[in-house]
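A short worksheet on the structure shown next.
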Amino acid sequence: MPAGRPGPAAQSARRPPPLLPLLLLCVLGAPQAGSGADTAVISPQDPTLLIGSSLQATCSVHGDPPGATAEGLYWTLNGHRLPPELSRMLNASTLALALANLNGSRQQSGDNLMCHARDGSILAGSCLYVGLPPEKPFNISCWSKNMKDLTCRWTPGAHGETFLHTNYSLKYKLRWYGQDNTCEEYHTVGPHSCHIPKDLALFTPYEIWVEATNRLGSARSDVLTLDILDVVTTDPPPEVHVSRVGGLEDQLSVRWVSPPALKDFLFQAKYQIRYRVEDSVDWKVVDDVSNQTSCRLAGLKPGTVYFVQVRCNPFGIYGSKKAGIWSEWSHPTAASTPRSERPGPGGGACEPRGGEPSSGPVRRELKQFLGWLKKHAYCSNLSFRLYDQWRAWMQKSHKTRNQDEGILSSGRRGAARGPAR
Amino acid sequence: MSRREGNLEDPQADSSISPLPHLESKIQQTHSLARLLTKYAEQLLQEYVQHQGDPFGLPGFSPPRLPVADLSAPAPGHAGLPVPERLRLDEAALAALPPLLDVVRRRQAELNPRALRLLRRLEDAARQARALGAAVEAVLAALGAETRGPRPEPAAAAIAAATVTAGVFPAKVLGLRVCGLYREWVSRTEADLGQLAPGGPA
């Protein structure tokens, strides 16, 4: 609610338009007697003001019916009667109002300031727009789906609260030539977003910015420069299948297909897999799955249902050096590991495993060793895959010996595999 | 001759009217449509006042009842008229409403651009008023009652131009008036069709 005493001299204002313009009167016909229409006018009409500023307003009666005066008139704002000490009669037909330290408008269509006759009937109205000019939008981010379009999102300045309707306009142009273009499809991925569906050039940078405008002014964001190829994302990998790996109770095999829209260009695509136990909300992420369309999850719990999702990052497309943008996750696919008499291990990474699971520290050290080898010894063929294939072979051999001999050889097992559980 | 036809009081009724079951079905369908639109009109009014801010929508709010070109509220004596005459008045009002609702929608698109549901309801209301008006006209034709002659062009274009230049407060009041008239006339139409619908008063 506005507060304060009558301020200095009333704001100077143009002669205000009547409550209904003459044209509307001609269309509507003369006001009917007793309708209360067009018997007074408020000045200023529909002013725009900064939060915290003051307003001097007047309500002037037309003298219809004859002899009408401002005696007994009063003001309301948004339905609340204003204290009489904020009003004073300027003359017999004019009641003045002084509001100070105005708050932001309650609704974007404007605060309803009304002048009432003694009997409460509404003589005139004016809508106040009290707010702030927009601040500079920032944090523009954009992405292109399969190089065909561009979607951008931004954050409004001042956390968006200007109390006035603020229009945001996303502009873009080719960096070295071309005219300014304005995005037309707004609110596609949230209130501050816009989608450019077509006619985008590749291999040439765009300049993108956002302009914010309201009744009190405008502001422009910094310019973002980007090449469409550096912000490409794609669809989630389709046809994700999860299946058991023979009888191995701690592994699942995940296979998928390259996203079809870019499948001919995904030479360096990265994939990520995440999985969780059926009744858990905690996902485990495997993010060292590079440019392959299958993987094994290992170290899983036997007899357990897992949900699995895959996503793709088409980085390096057409030679782009940027990091790329991850797709959405594929729809969850579920599968269960075979049951086992023995309690299963904890979680693991996307690494093929065979035989009994080894302990975490051993695998971490092995992973570090293999990484070092790849870097320094150019043994690119060495991988966990080979290691786990060896372990699978060891397990198979071990089971065969059990069937033949009926006993376990603890010494051999300790030499061929990791520490026993 | 059914009780219903005997109550039409239309001396022009003749044997060229539609077969009775078809007419009954048409009347019932139109009545159901009017009932549905009465509910929508109420929702539109509630949505409208919400976006204009207090005191719009508050009990006791009584803005100037501005006359609207081509349209006034149902007269106090409307319910005493013969049913065909009532339906003619309903149909005329329903034909006048769509351009006025369009004017209100355009102004609200400037005043409340983020009120998407309100704007959609205003657009739907214009379409629904046309549909109901056409259905009432079809009922009148099926009853063999005279329909109105050519109507004058609606003054909506002039109202639209004037509304743009008018202040915001008068525009809010005008929109309230139009939404109120829409509600009154669809409700009136529902009641008038109820006189003809199966199970209605003879």
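All heavy atoms count here, side chains included; hydrogens, waters and symmetry mates do not. Order of the sequence lines sets the chain letters (A, B, ...), proteins ahead of strands, with each chain counted from 1.
A pairwise comparison of heavy atoms in A:Ala212 and A:Glu135 identifies CB-O, 4.5 Å as the closest pair.
For chain B, the nearby part of A:Tyr129 is the side chain; its heavy atoms alone come within less than 4.5 Å. With a threshold of 4.5 angstrom between heavy atoms, A:Asp46 approaches chain B through side-chain atoms but not through N, CA, C or O.
Under the 30°/60° scheme for interplanar angles, the aromatic rings of A:Trp154 and A:Tyr186 are found to stand perpendicular. Ring-plane geometry between B:Phe56 and B:Phe61 is classed as tilted, the angle between the planes lying from 30 to 60 degrees on a 0 to 90 degree scale.
For A:Glu184, the CD atom sits in a loose shell: 12 or fewer heavy atoms of surrounding residues, nucleotides or ligands are nearer than 6.0 Å.
Ranked by heavy-atom pairs shorter than 4.5 Å toward chain A, the options B:Asp54, B:Leu111, B:Asn112, B:Val173 are led by B:Asp54.
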